[in-house]
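Taking it in order: structure first as structure tokens, then the write-up.
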2 protein chains.
Amino acid sequence: MNRKPNLKDVAKLAGVSAITVSRVLTTPEKVSDKLRQKIEQAIHELGYIRNHAASALASNRSGVLAVIIPSLSNIVFNEVLQGIYSAVKPHQLQVILGDCHYSPLEEEKLIATLLSQAPEGVILTGTDQTDYARKLLQNAGIPVVQLMELTDQPIDINIGFSHLDAGMAMTQHLLARGYRRIGFLGARMDQRTQQRLAGFKRAIEDWNLTQARESQALCQQFVVTTGQSSSIKLGGQLLQAVMAESQGHCDAVFCCNDDLALGALFEARKMNLRVPADLAIAGFNDLEASALVEPGITSVAAPRFAMGKQAVELLMQKASGNQTEFPPIDVGYSIMVRGST
Amino acid sequence: MNRKPNLKDVAKLAGVSAITVSRVLTTPEKVSDKLRQKIEQAIHELGYIRNHAASALASNRSGVLAVIIPSLSNIVFNEVLQGIYSAVKPHQLQVILGDCHYSPLEEEKLIATLLSQAPEGVILTGTDQTDYARKLLQNAGIPVVQLMELTDQPIDINIGFSHLDAGMAMTQHLLARGYRRIGFLGARMDQRTQQRLAGFKRAIEDWNLTQARESQALCQQFVVTTGQSSSIKLGGQLLQAVMAESQGHCDAVFCCNDDLALGALFEARKMNLRVPADLAIAGFNDLEASALVEPGITSVAAPRFAMGKQAVELLMQKASGNQTEFPPIDVGYSIMVRGST
DNA sequence: AGACAAAATGTTAGCGCAATCATTTTGACC
DNA sequence: GGTCAAAATGATTGCGCTAACATTTTGTCT
């Protein structure tokens with residue numbers, strides 16, 4: 001016979017009942033050493049591999065974790081993923097990964113698809129889900145993590161930091177350094193980028209209010225955004241755009257991520273602008289390259305790996321019923337000040 | 001009742017039999033419009049989601065594709081993954097992704113785990129699998145793709161290019177440009193990196209043989225490698241190491257990837273070496289940044305996205321039995337010559 | 001040795017779905 | 001209108017495993 005061996009085949013070969021073989025695979029400590037060895041040998045001899053579908057059906061446990069990220073190509077989410085994978089191992093979970101391409105609608109479809117795997121939990125990026133997606137997740141009755149940003153109305157568990165605050169803090173840093181004609185370069189305006197922009201605007205608004213009261217010079221802002229997806233090259237193009245819009249007066253740019261910032265830095269060199277004397281450049285995400293280019297790019301760092309890891313840990317804690325309510329967790333951020341500002 | 005609705009619940013609500021509901025989900029064209037609408041409404045009303053485990057068990061089709069990559073953090077594999085994801089959609093496949101951290105042993109364990117999902121196919125990176133892993137895959141009786149490199153003894157389908165040839169070609173390029181004291185910077189010496197190094201050595205050997213015959217000056221080589229994982233920072237360190245070893249005489253470095261090459265470029269600037277006048281720098285993988293730094297880094301480009309895509313396509317073609325034998329597919333590479341050489 | 005609890009092993013049933021085959025309904029044609 | 005094939009729908013069964021409970025074996029204590 002050529003079909004794949006099943007539990008019964010192993011049981012017959014080892015001279016035991018099927019359930020004992022099953023126990024060797026799931027709770028080996030409940031089987032005596034003698035039998036266990038005999039069974040393990042039989043398993044090996046037949047090359048038996050457990051049928052996950054049958055196991056999941058009978059036990060009502062899929063051993064699957066659904067993860068949805070907005071983009072495979074953005075290294076930022078890869079670091080989160082690494083954190084997730086690092087934490088998944090001890091729990092014997094398989095990760096099913098979906099890429100929603102920054103689209104809540106695609107995310108909704110993915111959720112519907114992934115839920116059919118009856119995952120033990122779901123990890124989502126961001127807090128911008130459709131109403132139907134939220135409903136689906138609530139009905140599923142499994143723990144859900146929204147990662148990367150914070151929200152007032154989390155679906156369930158929420159781990160992240162405030163991109164608005166981080167955007168404000170970085171802008172305030174630029175203001176404190178004396179820059180008064182600041183540009184914002186934004187690409188692929190997802191919710192997190194929009195929050196960063198909102199923080200940028202608010203920081204300048206606040207500043208100008210204070211300055212006006214004291215009759216000081218105000219700060220000008222130049223915002224250039226595009227829906228295109230972010231890249232180094234695009235950073236150069238956006239720098240040209242903001243320079244055109246400000247008629248060359250821009251003295252600092254806050255880029256919504258480090259890819260753009262790197263592109264802006266390379267472009268600034270080509271335009272013969274000294275950084276930071278003629279132009280300051282700030283980024284977001286603190287990629288490795290940002291610390292190593294010359295001058296180093298000032299950026300916002302956040303514990304991405306740790307977020308991913310913690311997401312899995314809280315998820316499994318909740319799934320095992322140890323704790324039912326988790327308050328939102330603010331992992332914070334830090335401004336890495338470097339030569340570019 | 002609070003349990004999740006199943007097929008029967010939907011069937012009862014719609015006033016049909018369970019199998020008809022099943023048909024709506026799998027082969028809607030076999031159900032009359034009238035019934036289908038009624039059933040779809042019932043599905044929506046109950047928020048019914050099909051139980052994948054039961055479906056897989058009954059139909060003997062898991063709808064799962066197992067993919068193993070050596071590293072989540074290396075953007076190179078992400079591009080392959082994107083190709084895979086782009087091709088997966090029309091086939092209604094879910095990707096289960098494993099990260100083997102460049103270890104054949106971990107890969108073997110992952111294969112054993114992933115096979116329990118009874119995937120429709122498996123996509124592996126590289127050709128360096130353990131014997132037991134190969135046996136497991138052969139027994140599984142499903143199509144397997146080995147991606148990124150070529151081998152004489154593929155397990156099944158093989159798509160990639162020769163890293164040895166590419167390494168040779170790049171070294172020949174450096175020789176043709178007149179460099180005669182060439183360093184090789186290698187990190188995380190996996191099989192592909194070793195192939196590139198072998199190509200490097202062979203190119204110089206060949207060259208020296210020809211030159212010796214013609215009584216010309218020979219080419220010196222300086223090889224610096226480390227098992228550490230690759231990074232921009234490490235590129236700088238390795239450049240220092242190769243300069244120390246060659247007592248500052250090195251006039252070109254071939255980096256086993258672009259991360260190292262970028263690091264070497266940044267470091268060269270700090271050492272006040274002009275690129276390419278004092279030092280040429282060549283890389284591998286052709287990352288976006290390599291084209292945009294100044295000078296641009298000469299690198300080896302390969303169709304990574306296309307490889308991933310084609311892997312899925314051939315896999316599904318084979319799974320559907322249309323074709324049983326595929327000769328190895330050489331996707332080739334190209335040398336992107338830029339300012340750094 | 002006998003009594004008893006604990007550990008080890010077995011029996012039975014059912015998880016939710018789709019393959020298979022059986023039956024009913026529909027529609028086309030003369 | 002009757003015949004027939006095709007389309008639509010249904011009844012039954014089993015996929016491979018594990019939960020729940022039942023039984024047997026082992027070990028400990030008096």
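Please read all numbers here as calculations on a predicted model, not as lab measurements. Throughout, a chain's letter reflects where its sequence line sits, starting with A, and its residues are numbered from 1.
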Could you list all the salt bridge (charged side-chain N to carboxylate O under 4.0 Å, His left out) pairs where at least one residue sits in residues 95-113 of chain A, not counting sequence neighbours?
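Sorted pair list: A/Glu106-B/Lys89.
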Any Lys/Arg nitrogen of B/Arg36 or B/Asp33 sitting under 4.0 Å from an Asp/Glu carboxylate oxygen of the other?
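Judged by the 4.0 Å cut-off on N to carboxylate O distance, B/Arg36 and B/Asp33 do form a salt bridge.
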Whole-Å distance separating the [atom1] atom of [X] from the [atom2] atom of [N]:
X	N	atom1	atom2	value
B/Leu57	C/dA19	CG	P	12 Å
A/Asn51	D/dG14	CG	P	18 Å
A/Asn6	D/dG16	CG	P	6 Å
B/His52	C/dA18	NE2	P	10 Å
B/Ile49	C/dC17	CD1	P	11 Å
B/Leu25	C/dA19	CG	C1'	16 Å
A/Asn60	C/dC15	CG	P	11 Å

Students often mix this up, so state it plainly: with edges at 30° and 60°, are the rings of B/Phe77 and B/Tyr102 parallel, tilted or perpendicular?
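Geometry flag for B/Tyr102 against B/Phe77: perpendicular rings.
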Would you say A/Ser22 reaches D/dC17's phosphate, i.e. side-chain N/O to OP1/OP2 under 4.0 Å?
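Checking D/dC17 against A/Ser22, no side-chain N or O comes under 4.0 Å of OP1 or OP2.
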Is any side-chain N or O of B/Arg61 closer than 4.0 Å to OP1 or OP2 of D/dC15?
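Negative; the distance criterion is not met.
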With rounding to the nearest 0.5 Å, note down the distance linking NZ in B/Lys38 to OG1 in B/Thr20.
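Going from the NZ atom of B/Lys38 to the OG1 atom of B/Thr20 covers 11.0 Å.
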What distance do B/Ile75 atom CD1 and A/Ser73 atom OG have between them, rounded to the nearest 0.5 Å?
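Nearest 0.5 Å value for the CD1-OG distance: 7.0 Å.
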Distances for protein N/O vs nucleotides 6-9 of chain C N/O pairs under 3.5 angstrom?
from	atom 1	to	atom 2	distance (Å)
C/dT9	OP1	A/Ser32	OG	2.7
C/dT9	OP2	A/Ser32	N	2.8
C/dT9	OP2	A/Ser32	OG	3.2

Return all side-chain donor-acceptor pairs below 3.5 angstrom for residues 146-159 of chain B, not counting sequence neighbours, or 'none' if the list is empty.
from	atom 1	to	atom 2	distance (Å)
B/Gln146	OE1	B/Ile155	N	2.8
B/Gln146	NE2	B/Gln129	OE1	2.8
B/Glu149	OE1	B/Gln191	NE2	3.1
B/Glu149	OE2	B/Gln191	NE2	3.4
B/Glu149	OE2	B/Arg192	NH1	3.0
B/Thr151	OG1	B/Gln153	N	3.2
B/Asp156	OD1	B/Lys318	NZ	2.5
B/Asp156	OD2	B/Val144	N	2.9
B/Asn158	OD1	B/Thr151	N	2.9
B/Asn158	ND2	B/Gln146	O	2.9
B/Asn158	ND2	B/Glu149	O	2.8

For a quick test of reading the model, state the closest non-hydrogen atom pair linking B/Tyr85 to A/Leu72 and the distance between them.
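Where B/Tyr85 meets A/Leu72 most closely, the heavy atoms are CD1-CD1, 3.4 Å.
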Taking for each residue the nucleotide of DNA chain D bearing the nearest heavy atom, is the 5' side occupied by B/Ala18 or by A/Ser59?
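That would be B/Ala18.
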For a quick check of understanding: with a heavy-atom distance under 4.0 Å over all strands, which category does B/Leu7 fall into, base, sugar-phosphate or nothing?
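The residue B/Leu7 makes sugar-phosphate contact but no base contact.
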